[in-house]
Amino acid sequence: MNFAAITPEIILTAGALFLMVAEVATNGKRNLGWMTALIIALAGWSVIAQFGHIEAAFGGMVLSDRFAQFFRIILFTGSLLATLTAAAAWRGGKGVFGAAYFPLLLISIVGMDLLVSGANLIVIFLGLEILSLPLYAMAAGRISSDESVEAGAKYFLTGAFASGFLLFGIALVYGATGTFALEGIGQEISAGARFLPFLWVGAVLILIGFLFKIAAVPFHAWAPDVYTGAPTTTVAFFAAAPKAAAIGLLLRLTLTALVDVPLETVIWAAAWLSMLVGNVWALRQRDLKRLLAYSGIAHVGYLLVGLTAKGAGSVGAIGFYLLGYAAMSVGAFAVVAAVETGKGPTTLESIAGLGRRRPGISAALSIFMFALVGIPPTVGFAGKFVLFSEALKAGYLGLVIWAVTFSAVSVYYYLRVVVALWMWPEPEGVSASAPHRDGLYWPVLGLASLITLLLGVLPQPFLKMAAESLFWLL
Amino acid sequence: MGILSFLIFWPVVLGLFLLVRPGSPRGVATFATLGAAVEFIASLWLWNGFIPGAGFQFTESVDWIPSLGIGYRVGIDGISLLLVLLTTFLTVIAVVSSFSAITDRQRGYYASLLFLEAGVIGAFVATDVFLFYVFWEVMLVPMYFLIGIWGGKRRIYATVKFVLYTMAGSLLMLVAILWTYHYTGGYSGSGTFNLLDWYGLKIPAHTQVWLFAAFALAFAIKVPMFPFHTWLPDAHVEAPAAGSIMLAGVLLKLGTYGFIRFAIPIFPEGFEFFDTAILVLSVIGIVYGAKMTLIQDDMKSLVAYSSVSHLGFVMLGLSAMNLIGITGSLLQQINHGISTGALFLLIGIIYERRHTRMIADYGGVFAIAPVFTIAFLIVGLSSIGLPGTNGFVGEFLILLGAFATSPFWAIIGTVGIVLAAGYILWMVMRVFFGPITNAVNESIRDLTGRELATVVPMVILIFWIGVYPSPFLKRIEPDLKKWLEQARPSRLIDAPDSERPCYVLIDAPVVAGEETR
């Protein structure tokens with residue numbers, strides 16, 4: 001048995017068990033968030049230490065190749081940022097964090113990990129379920145709040161629905177090719193599969209299952225409600241990490257297993273629609289979490305542009321964009337977590353004139369907003385640049401023009417947040433010295449801003465790593 | 001680190017330092033002034049060391065993202081030299097003019113001005129298309145804050161409109177940039193963003209048309225050419241005085257500079273296709289902008305529309321595609337920066353005293369503030385293009401060039417000059433002469449020492465360029481000659497005698513006689 005292939009999973013699972021015990025032992029009175037961040041960092045370090053070594057385990061069902069390691073780094077970065085947010089938002093064991101929040105978070109990361117390192121459809125399904133179940137509980141984490149419970153239920157129902165699609169698709173693909181192994185499926189298809197309609201329908205169903213997960217249009221309807229209702233720290237987590245895992249899996253699936261299956265048309269249509277719906281609906285949102293939910297849908301659209309292009313370069317571009325997106329979106333949610341009062345939604349009005357009172361977090365939020373728009377020198381610009389460049393190289397001129405058109409539309413709603421922060425007058429009766437706990441958010445905001453700016457100014461090392469580690473996958 | 005990198009990064013370092021440095025607001029302003037002055041003095045080094053006609057100089061080249069063929073490549077030639085100097089010069093003026101006008105959040109204000117300067121200089125000196133695009137976008141951010149935080153009543157509307165217009169145009173340019181980049185690599189992957197390589201491309205003519213259109217849209221919005229100008233009056237009216245100075249003085253020049261540096265020489269055949277359209281639109285801009293000034297009752301929006309008219313002249317000279325026209329076009333960019341910048345400066349000064357820009361609120365100011373009036377009159381006359389001032393040289397060269405290729409449109413363009421005389425003098429008459437209609441105005445103070453220090457250098461430049469432009473023309477012309485060889489579409493070759501250097505033309509006594517005609 002080769003445990004080297006699943007070192008990070010082992011670390012995370014052990015960490016989760018340890019935290020569960022610690023939770024009980026401390027009677028839920030200690031903030032275990034920082035400890036959780038440490039465990040994730042440790043798992044991340046184990047990936048970096050192994051980087052470049054290809055390990056296979058469980059008869060080739062789990063494959064820790066460079067692709068998996070690359071996506072694990074992205075996943076762990078996003079998760080680390082989200083965990084730092086949760087640690088900062090911890091309020092003495094009340095509300096969200098009464099339950100086993102942090103152990104659940106770690107277990108969910110294990111699922112994502114399996115998703116990107118799975119080389120077998122069964123493992124992939126397993127990974128998806130391990131990833132999803134804790135998320136349902138985390139979405140419903142604020143038990144005292146009706147919205148949170150509603151969000152959990154909605155997320156669960158749509159998630160179960162998506163799993164159904166996925167399972168059915170897996171069954172059809174298995175029926176057509178006779179194997180669950182990705183490599184075997186690829187070989188069967190190249191050799192000329194016999195049940196072509198089964199294969200195609202199955203492939204499309206698998207794709208739809210994951211489009212649900214990443215909230216691509218037209219499978220996005222759950223996202224705004226869940227984002228609004230679920231606790232902000234949870235949303236920060238599933239805005240970044242599961243998306244990265246699902247897109248990583250889709251990449252591996254389309255490039256190694258479902259070769260020659262014309263999925264581009266479906267992905268292309270989903271990209272087209274996601275950019276349209278996400279950006280246009282975001283225009284009229286005043287609730288920050290809802291706005292970020294629609295913005296997330298739009299960004300999935302940009303990512304799908306890269307997925308459509310389907311080339312060596314586009315894999316690196318997608319990875320780069322996912323890492324950048326994790327930093328900017330988790331950063332933005334962290335600011336929302338820092339300013340929300342727990343009484344009613346966090347709207348544009350509630351951050352009016354915040355720049356005067358709390359310039360630090362206002363500056364951070366502005367950086368993230370400019371990054372989400374795609375203004376240099378942020379990773380948002382560099383990421384869009386490489387994504388669109390790859391799509392153009394593959395000949396999708398119309399799609400790229402569509403994408404930049406809606407990037408221009410997005411300027412309006414992102415900059416409105418900046419307008420509210422710095423240019424709106426402060427509401428009456430707000431004292432300049434109202435208590436806040438911004439200091440606790442410095443680790444997450446600092447790290448997210450650093451990634452946003454550093455990858456924007458100096459993308460070369462990361463792009464190089466991406467290109468090197470992914471080239472052989474093809 | 002070379003001098004150009006210093007010019008780009010010094011304001012950034014300074015701005016960041018201002019943001020975090022503790023200290024009184026007054027200290028912030030002094031500090032920013034010193035920093036901007038250092039920047040200006042450093043930029044004079046370029047003027048001294050510049051060798052006319054030697055192509056790109058002071059170049060620096062460092063690999064930035066080598067896997068994508070992106071480099072940090074900077075350099076200046078005769079086309080960008082004066083624009084860089086104009087930027088550093090106007091920034092000093094803008095900083096000094098804000099001392100008493102800005103009383104809120106000074107740190108952010110001066111930092112924004114300095115970041116803006118860095119972005120503009122970066123865009124002027126970049127010889128890598130990616131680098132240019134980065135600076136082109138980056139400078140939106142400080143300008144957005146300058147208008148949005150320190151602007152007038154409708155500042156949020158104006159600033160969002162400004163950013164949306166610019167972004168909408170430039171994103172299509174980004175697609176065209178990417179397309180051309182992949183073209184340089186022949187789709188094999190080893191493309192480059194090096195501008196000098198792009199000059200050598202042989203792109204099919206029908207594709208050039210599309211690529212040129214995408215570039216031209218971005219630049220036409222920035223210039224702004226009719227009918228893409230509607231953001232400009234809003235932005236100008238709402239911006240703080242220093243913001244207007246920078247906007248009119250240098251930001252608009254990026255549009256015309258973009259045409260000269262990128263759109264036309266990279267896609268000469270695309271330009272050939274649109275040449276007539278640009279010609280007609282610029283003449284429409286000249287006349288329309290001038291006409292619109294006549295119904296403005298706000299001094300700032302009057303000057304804003306006059307900018308539309310003046311930049312129409314710049315584009316007219318460009319579309320002539322001969323040495324005289326293009327030289328005039330480039331010189332007129334500098335002139336407009338100085339004259340219109342000075343107008344906005346003076347309007348800002350009087351606004352600070354009376355908190356109104358409405359022409360109707362004034363009258364008879366000459367009797368109260370004679371020095372101010374004289375300064376305004378000089379600047380106004382240079383904006384009209386009175387012989388002896390800088391505006392005359394530029395407009396004269398432009399019309400000379402345009403007349404050689406399209407006499408009809410050149411003649412219509414002269415209507416703009418006539419109208420300019422009308423609207424400027426009419427404004428001067430209503431504001432400064434006649435009886436004092438509003439008693440409040442009697443308390444208007446004349447120019448203070450600090451304000452004189454900002455106005456006098458601009459007046460000196462107005463006369464210097466007006467009377468003795470050859471030091472400027474000598475530096476820009478040799479490079480423009482080479483530029484024409486690269487950029488001129490085959491059909492537009494004109495008579496050889498118009499290739500005589502313009503500074504010879506102007507220095508020659510015969511033509512000097514014509515000048516006074």
Side-chain angles (χ1 to χ4, degrees), chain A residues 311-313 316-317 355-356 359 363 366-367 370 373-378 381-382 384-395 397-398 400-416 418-424 456-464 466-468, chain B residues 12 19-20 63-68 70 72 104-105 107-108 119 122 130-131 133-141 144-145 147-151 155-157 159-183 185 187-189 191 210 214:
Chain A
R356 272 181 200 280
S366 308
I367 291 176
F370 282 118
V373 175
I375 287 181
T378 62
F381 171 71
K384 269 186 188 163
F385 185 82
V386 287
L387 268 184
F388 296 166
S389 171
E390 290 304 326
L392 206 59
K393 193 173 172 183
L397 177 63
V400 172
I401 290 179
W402 186 259
V404 297
T405 308
F406 283 97
S407 295
V409 170
S410 77
V411 172
Y412 179 76
Y413 62 84
Y414 288 127
L415 288 199
R416 207 154 61 142
V418 182
V419 165
L421 282 176
W422 300 99
M423 301 171 199
W424 282 2
V457 177
L458 297 170
Q460 176 67 16
F462 190 84
L463 282 174
K464 193 160 165 252
E468 277 170 2
Chain B
V12 177
L19 282 180
V20 296
D63 273 347
W64 182 12
I65 312 176
S67 60
L68 298 176
I70 296 168
Y72 173 80
D104 179 35
R105 293 189 256 186
R107 280 169 214 287
F130 181 86
L131 188 67
Y133 188 82
V134 166
F135 282 122
W136 168 271
E137 293 269 282
V138 159
M139 83 184 76
L140 284 181
V141 177
Y144 165 76
F145 282 119
I147 302 177
I149 297 183
W150 294 277
R155 60 186 191 277
I156 293 175
Y157 168 79
T159 195
V160 171
K161 192 172 177 182
F162 162 72
V163 173
L164 275 178
Y165 263 67
T166 318
M167 282 294 274
S170 40
L171 282 166
L172 280 178
M173 177 166 78
L174 178 65
V175 179
I177 289 176
L178 284 171
W179 196 96
T180 317
Y181 160 71
H182 287 303
Y183 187 85
Y187 285 81
S188 65
W210 288 104

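The figures that follow rest on heavy atoms only: side chains count, while hydrogens, waters and symmetry mates do not. Order of the sequence lines sets the chain letters (A, B, ...), proteins ahead of strands, with each chain counted from 1.
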Report yes if some heavy atom in the side chain of Leu68(B) is under 4.5 Å from a heavy atom in the side chain of Leu463(A); otherwise report no. yes
Select one option (side chain, backbone, both, neither) describing which atoms of Leu140(B) are under 4.5 Å from chain A's heavy atoms. neither
Heavy-atom distance under 4.5 Å to chain B: side chain of Val386(A), backbone, both or neither? side chain
Would the distance check show the side chain of Arg155(B) and the main-chain N or O of Met423(A) forming a donor-acceptor pair, the cut-off being under 3.5 Å? yes
Tell me, for Val134(B) versus chain A, whether the close heavy atoms (under 4.5 Å) come from the side chain, the backbone, both or neither. both
Would you say Trp64(B)'s side chain and Val457(A)'s backbone share a donor-acceptor pair under 3.5 angstrom? yes
Heavy-atom closest contact (Ala408(A) atom, Ala168(B) atom, distance): CB-CA, 4.1 Å
Could you walk me through whether Val163(B) and Tyr412(A) pass side chain to side chain contact (heavy atoms under 4.5 Å, CB included), step by step? CA-CA 9 Å; Val163(B) 173; Tyr412(A) 179 76; over 6 Å; no
Validation row: Leu397(A), Val175(B) side chains within 4.5 angstrom (heavy atoms): yes
Go through the steps for Phe388(A) and Leu171(B) under the test side chain to side chain contact (heavy atoms under 4.5 Å, CB included), then give the verdict. CA-CA 11 Å; Phe388(A) 296 166; Leu171(B) 282 166; over 6 Å; no
Evaluate side chain to side chain contact (heavy atoms under 4.5 Å, CB included) for Leu178(B) paired with Glu390(A), printing each intermediate quantity in order. CA-CA 9 Å; Leu178(B) 284 171; Glu390(A) 290 304 326; over 6 Å; no
Chain A contact via Leu174(B) - side chain, backbone, both or neither, heavy atoms under 4.5 Å: side chain
Tyr181(B) side chain vs Ser389(A) backbone, donor-acceptor pair below 3.5 Å: no
Inspect the surroundings of CH2 in Trp402(A) and state if more than 12 heavy atoms from other residues, nucleotides or ligands are less than 6.0 Å away. yes
Which heavy atom in Glu137(B) sits nearest to a heavy atom in Ile375(A), and how many Å separate them? O-CG2, 4.2 Å
Validation row: Asp63(B), Gln460(A) side chains within 4.5 angstrom (heavy atoms): no
To the nearest 0.5 Å, what is the distance between NZ on Lys464(A) and OG on Ser67(B)? 9.0 Å
Any chance you could measure Leu415(A), atom CG, to Tyr144(B), atom OH, to the nearest 0.5 Å? 4.5 Å
Ring geometry between Phe130(B) and Phe381(A) (parallel below 30°, tilted from 30 to 60°, perpendicular above 60°): tilted
Determine whether Ile156(B) and Arg416(A) make a side-chain contact, defined as any pair of heavy atoms from C-beta on separated by less than 4.5 Å. no
Side chain / backbone / both / neither for Ile149(B) at chain A, heavy atoms under 4.5 Å: both
